[in-house]
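Along the sequence shown, residues carry numbers from 1.
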Amino acid sequence: MFLLLALLLLIALPSPWNVIGAVASGVLGVFEVGYWQRRMRREKVQTGVENLVGATGEATERLAPSGQIRVLGELWEARASSELPRGSRVRVVAVNDLTLEVEAVDEAEKRA
């Protein structure tokens, strides 16, 4: 963003202020790019099956015993061991191909 501002200042301001403004904005732009690169490298990418197992979601339709659930903002086909109504909270216990094996969150808490 600061690099775009540097170009705009170079064109819009009278001399010598255009050069001063452009250099200052350019330096800030370099620091901004460095900041975002360092910040994004610290974040661990969370993808794959390992991220799904143990995640909780919500049944978007009745699971009798198969249906769809929403987990981590995505819709998935799911299979439950017992019938679950729409809107019930579920936890992913396994992944088989593109189908998630789920259980009700209440069931999981009773076992623990």
4.5 Å side-chain heavy-atom contact, Thr56 and Val90 = no
ask   = Can you tell me if Thr60 uses its side chain to pair, donor with acceptor, with the backbone of Arg70 under 3.5 Å?
value = no
Same apolar cluster: Leu100 and Leu98, side chain cutoff 4.5 Å = yes
task = Grab the two heavy atoms, one from Ala55 and one from Val71, that are nearest each other, plus how far apart they are.
result = CB-CG1, 3.8 Å
inquiry  = Any heavy-atom pair between the side chains of Tyr35 and Gln37 that's under 4.5 Å?
reply    = no
query = Would Leu7 and Phe31 show up in the same hydrophobic cluster when neighbours are defined by side-chain heavy atoms closer than 4.5 Å?
reply = no
ask   = Side-chain contact, heavy-atom cut-off 4.5 Å: Leu72 with Asn51?
value = yes
message = Is the shortest side-chain heavy-atom distance between Glu101 and Asn96 below 4.5 Å?
response = yes
task = Could you tell me whether the side chain of Val102 reaches within less than 4.5 Å of the side chain of Ile69, counting heavy atoms only?
result = yes
query = Are any of the side-chain heavy atoms of Trp76 and Leu52 separated by less than 4.5 Å?
reply = yes
request  = Kindly check if the number of other-residue, nucleotide or ligand heavy atoms within 6.0 Å of CZ (Arg79) is above 12?
outcome  = no
message = Within the 4.5 Å heavy-atom criterion, are Leu8 and Leu4 side-chain neighbours or not?
response = no
remark   = Rounded to the nearest 0.5 Å, the OG atom of Ser88 sits from the CZ atom of Arg62 at a distance of 11.5 Å
Scan the side chains in residues 15-29 for donor-acceptor partners under 3.5 Å anywhere in the protein, sequence neighbours excluded, and list what turns up.
unit_1, atom_1, unit_2, atom_2, d
Asn18, ND2, Leu10, O, 3.3
Ser25, OG, Gly21, O, 3.1

query = How many angstroms lie between CD in Glu77 and CD in Gln68, if you round to the nearest 0.5 Å?
reply = 5.0 Å
